[in-house]
Amino acid sequence: MSGAEADLTTNDRQSDSVAKVSVALPSRTLMAYWLVLFGIFIGLVWKWSFFVACDQAYTDLPIMDSFFPAWLREQLVLRWAYLGSLGAILVAGIVPHSRVRQIACWALLAAATVLCVHQGSYNDMTFVTTWWTALWAVWFVHHIQDADADVVLSRAAFLSRAIIAMILLGGASGKWTAEYWSGEVFYDIYFVDRDFWLFNWLRSRFEESTLRDIATWHSRKVIVVETICGLGLWLLPPRIAGVVGIIVLTSIVLLSNVYLVSVLACLIALAAVGLFVRPVQAAE
Amino acid sequence: MVGLIVGTGSARDVRVLVAGRDGSKSMKRSKRQPNRKPGTDSVRSYGSGIASDRGFVAIVILIAVIAIWVLVMPVVPEIATATLRRFHLRTGSFAGWAAQFPIPAMYNFANTYQVRKWPEGAMEGLPVMIDDDEGIIQERYINHFPSRVITFGRERHDFLVAKEDRWYKLRSSYQRLELVSYVKLNYDDDTGYAYIRTDSDGKLLQSGAEQ
């Protein structure tokens with residue numbers, strides 16, 4: 001594992017003895033790995049209180065729908081899949097044993113899979129983005145100790161921007177419809193009564209007719225940005241893609257909905273992987 | 001001996017400052033890896049040995065398949081229809097529905113929901129009351145999976161906490177396609193709510209089957 005080491009030495013002139021203090025800095029691969037795990041963790045705990053409330057509500061108000069297998073309607077399964085995912089992240093991040101890390105990442109992926117198809121959580125995109133990031137982590141953890149860190153990080157960065165591009169493209173294609181182009185959907189979801197700083201400010205400043213126009217252009221901006229990034233982000237150089245991805249994803253949170261941190265925190269961390277790719281040095 | 005390893009920002013160019021016992025100092029350069037030409041980093045650095053990295057190849061293929069799926073959705077009605085049914089929990093089988101979970105669907109399609117205290121049309125033929133209550137509790141747009149208003153979060157609590165029967169009308173549209181689903185939640189003190197799919201007249205549909 002590559003890394004920089006600083007040997008700090010003191011030279012005792014009298015005895016010529018040497019005292020060494022070695023400080024091993026984490027490698028780039030390890031830092032990227034930790035960053036992504038941190039992003040997944042933040043996303044999952046961001047709505048902790050919300051999920052606790054859901055847990056109580058689902059227990060009190062069970063819904064029998066034979067579309068779902070019985071075990072995927074059980075609140076206990078949902079609870080343990082969620083808590084298990086958090087535990088897997090902690091193990092994957094803390095335990096410095098490669099086999100344990102790999103197992104923990106696979107466990108995270110399995111827990112995220114359950115969360116994506118359980119009756120009480122299938123619709124929450126938090127778990128879809130968690131699943132994709134966990135998939136990346138599973139691949140990465142199997143290569144984290146490869147000899148050539150540059151190759152690993154280059155491939156990791158490609159996967160990260162391909163995943164983010166695909167997710168943005170999926171969001172875009174579903175909005176290629178008249179109701180989004182007109183702004184009608186976003187107007188009702190956000191502009192009418194969403195309690196968020198931006199929409200609160202807009203409602204205080206503008207009449208309804210103006211709000212509808214703003215909603216139209218806001219919606220078109222979202223469609224265009226998602227489409228362009230969905231089609232092109234994966235083609236960019238890794239560091240540029242990383243910066244663009246971080247900016248676009250962060251702006252979605254800041255301009256829409258604070259709850260979206262749960263969906264996008266892991267993707268923001270994934271985008272940052274591109275920043276760990278070393279720029280090519282000029283040939284001498 | 002005093003030794004100070006100075007990293008210059010590249011593992012390929014680590015220089016070692018070595019001080020001898022006599023106080024002399026010399027700079028030794030470690031063996032450098034061959035320089036890469038500018039602009040080839042993205043291709044060369046991860047291209048070598050890629051065929052042997054089956055995990056990488058598998059993930060890239062999965063991403064490509066899903067990207068193509070969402071890209072052609074606007075022009076392939078079958079894909080859009082499958083997505084509409086996915087959003088309404090009306091895919092032909094749970095396995096077929098579950099297999100679509102990796103497909104991202106954030107703020108997809110124009111989805112609306114209507115939550116009712118009694119079914120649509122239940123008051124037809126009855127005398128019109130002064131305070132005509134159509135029985136609609138709420139009617140809004142929703143971002144994706146309109147069925148979430150029944151199964152998820154605050155909506156599940158708020159609409160069901162009264163522990164009374166509820167009727168839902170879910171509508172999703174995408175370009176020229178539209179799907180409308182009617183769901184009744186039957187409340188029982190012992191078993192909770194039963195999720196019943198019906199047609200527009202309230203006739204029972206087989207759970208999860210297409211109409």
Side-chain angles (χ1 to χ4, degrees), chain A residues 2 4-7 9 11 16 18 50 54 57-58 61-69 116-117 119-125 128 131-132 135 139 142 150-151 154-155 158-159 162-163 166-167 169-171 173-177 179-180 185 188-189 237-238 263 278-284, chain B residues 1-5 7 10-11 21 35-42 45-46 48 53 55-56 59-60 63 66-67 70-71 73-74 89 94 98 101-110 140-141 143-145 148 150-153 156-157 160-161 173-175 185 191-195 207-208:
Chain A
S2 62
E5 282 196 12
D7 280 331
T9 65
N11 190 348
D16 221 15
V18 171
F50 173 82
C54 286
Y58 298 175
L61 302 167
I63 299 176
M64 209 297 290
D65 179 7
S66 59
F67 180 81
F68 290 90
C116 285
V117 297
Q119 183 194 51
S121 55
Y122 64 87
N123 60 281
D124 195 335
M125 291 297 129
V128 175
W131 187 87
W132 278 104
L135 184 66
W139 172 82
H142 284 277
D150 287 323
V151 171
S154 289
R155 290 184 189 175
F158 177 79
L159 281 183
I163 287 171
M166 177 268 299
I167 289 174
L169 187 64
S173 72
K175 298 185 185 70
W176 295 336
T177 186
E179 293 90 341
Y180 269 97
V185 176
D188 188 60
I189 290 177
V263 178
R278 248 196 279 261
V280 176
Q281 291 185 352
E284 293 184 356
Chain B
M1 183 175 77
V2 175
L4 178 67
I5 299 175
S10 167
R21 291 190 178 186
N35 287 316
R36 297 198 179 98
K37 293 182 181 178
T40 60
D41 174 62
S42 293
S45 61
Y46 69 71
S48 59
D53 190 345
F56 179 88
I59 295 174
V60 170
I63 292 171
I66 291 177
V70 300
L71 260 176
M73 182 169 66
L89 304 181
F94 174 79
F101 85 82
I103 304 172
M106 298 160 195
Y107 290 80
N108 266 203
F109 295 10
R140 295 290 297 264
Y141 270 104
N143 50 3
H144 41 255
F145 282 103
R148 60 169 284 185
I150 302 170
T151 59
F152 184 72
R156 178 167 171 171
H157 172 269
L160 303 185
V161 69
S173 68
Y174 183 68
Q175 299 186 354
L185 291 195
T191 58
Y193 281 98
Y195 191 114
S207 176

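Only heavy atoms go into these numbers, but all of them, side chains included; no hydrogens, no water, no symmetry mates. Below, chains carry the letters A, B, ... as their sequence lines are ordered, and counting in each starts from 1.
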Shorter than 4.5 Å, heavy atoms on both sides: which option in A/Leu135, A/Asn123, A/Leu159 has the most such pairs with chain B? A/Asn123
Nearest 0.5 angstrom please: [X] [atom1] to [Y] [atom2], how far?
{"X": "A/Met125", "Y": "A/Cys116", "atom1": "CE", "atom2": "SG", "result": "8.0 Å"}
{"X": "A/Asp65", "Y": "B/Ile150", "atom1": "CG", "atom2": "CD1", "result": "8.5 Å"}
{"X": "B/Ile66", "Y": "A/Met166", "atom1": "CD1", "atom2": "CE", "result": "5.0 Å"}

Could you tell me which portion of A/Val128 (side chain, backbone, both or neither) has an atom closer than 4.5 angstrom to a non-hydrogen atom of chain B? side chain
Using non-hydrogen atoms only, which part of A/Trp131 is less than 4.5 Å away from chain B: side chain, backbone, both, or neither? side chain
When the aromatic ring centroids of B/Phe94 and B/Phe101 are compared, is their separation below 6.0 Å? no
Centroid-to-centroid, B/Phe145 to A/Tyr122, below 6.0 Å? yes
Which atoms of B/His144 are under 4.5 Å from chain A, going by heavy atoms: the side chain, the backbone, both sets, or neither? side chain
The interface call for B/Pro102 against chain A, heavy-atom contacts under 4.5 Å, is both
Looking at B/Pro74, B/Gly55, B/Gly153, B/Ala98, which one has more heavy-atom pairs under 4.5 Å with chain A than the rest? B/Gly153
Residue among B/Phe109, B/Tyr193, B/Tyr107 with most heavy-atom pairs under 4.5 Å to chain A: B/Tyr107
Any donor and acceptor pair, going by atom type alone, linking the side chain of A/Gln119 with main-chain N or O of A/Ile63 inside 3.5 Å? yes
